[in-house]
Amino acid sequence: MNLRLRDDQQEALKLRAEEEGRSMHAIVLQAIDRYLEQDADRATVRRLGAKYATGQADLLRRLGE
């Protein structure tokens, strides 16, 4: 896989990596891991929300009154 960044993105990433004493590669991997974790969390919340909304439809209707 090749990752093509705009010039401004690459420069900003390079500066950040230098500030943090890390490689650009390490920062990109961490960003990908965070994205994947957050996306999985959102999917879990949507799934559980749908499950409990269905099971508690009457209660939710009454709370909305």
Side-chain angles (χ1 to χ4, degrees):
M1 176 182 139
N2 292 319
L3 179 63
R4 291 176 179 79
L5 301 175
R6 295 187 318 258
D7 290 342
D8 61 314
Q9 291 173 318
Q10 184 160 345
E11 185 60 27
L13 181 58
K14 180 181 177 185
L15 291 173
R16 179 63 60 93
E18 289 171 358
E19 290 171 4
E20 295 181 11
R22 299 170 50 194
S23 69
M24 294 191 307
H25 180 80
I27 292 173
V28 170
L29 290 179
Q30 182 183 28
I32 292 168
D33 287 342
R34 283 182 182 168
Y35 170 79
L36 293 172
E37 182 179 336
Q38 289 171 357
D39 193 57
D41 289 347
R42 282 191 291 274
T44 299
V45 168
R46 282 191 300 271
R47 182 179 52 79
L48 291 173
K51 174 184 174 182
Y52 289 105
T54 300
Q56 301 296 327
D58 186 52
L59 173 62
L60 292 171
R61 181 188 51 74
R62 287 183 285 148
L63 288 172
E65 294 176 351

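Arg47 meets the side chain to side chain donor-acceptor pair (under 3.5 Å) test with no other residue; sequence neighbours excluded. Arg42 is linked by a salt bridge (charged side-chain N to carboxylate O under 4.0 Å, His left out) to Asp39, counting only residues two or more places apart in sequence or in another chain. Considering only residues two or more places apart in sequence or on other chains, Gln38 meets the side chain to side chain donor-acceptor pair (under 3.5 Å) condition with none of them. Listed by chain and number, the residues in a salt bridge (charged side-chain N to carboxylate O under 4.0 Å, His left out) with Asp8 are Arg6 (sequence neighbours excluded). Not counting sequence neighbours, the partners of Leu15 by the side-chain contact (heavy atoms from CB on, under 4.5 Å) test are Glu11, Glu18.
Annotation for Ser23 and Ala26: closest pair OG-N, 2.9 Å, computed over non-hydrogen atoms.
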Could you tabulate the donor-acceptor pairs under 3.5 Å formed by side-chain atoms of residues 29-37, not counting sequence neighbours?
residue, atom, partner, partner atom, Å
Gln30, OE1, Arg22, NH1, 3.1
Gln30, OE1, Arg22, NH2, 2.9

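In this structure, CD1 on Ile27 lies 4.5 Å from CD on Glu20, to the nearest 0.5 angstrom. Here the CG atom belonging to Leu3 is positioned 9.5 Å from the CE atom belonging to Met24, to the nearest 0.5 angstrom.
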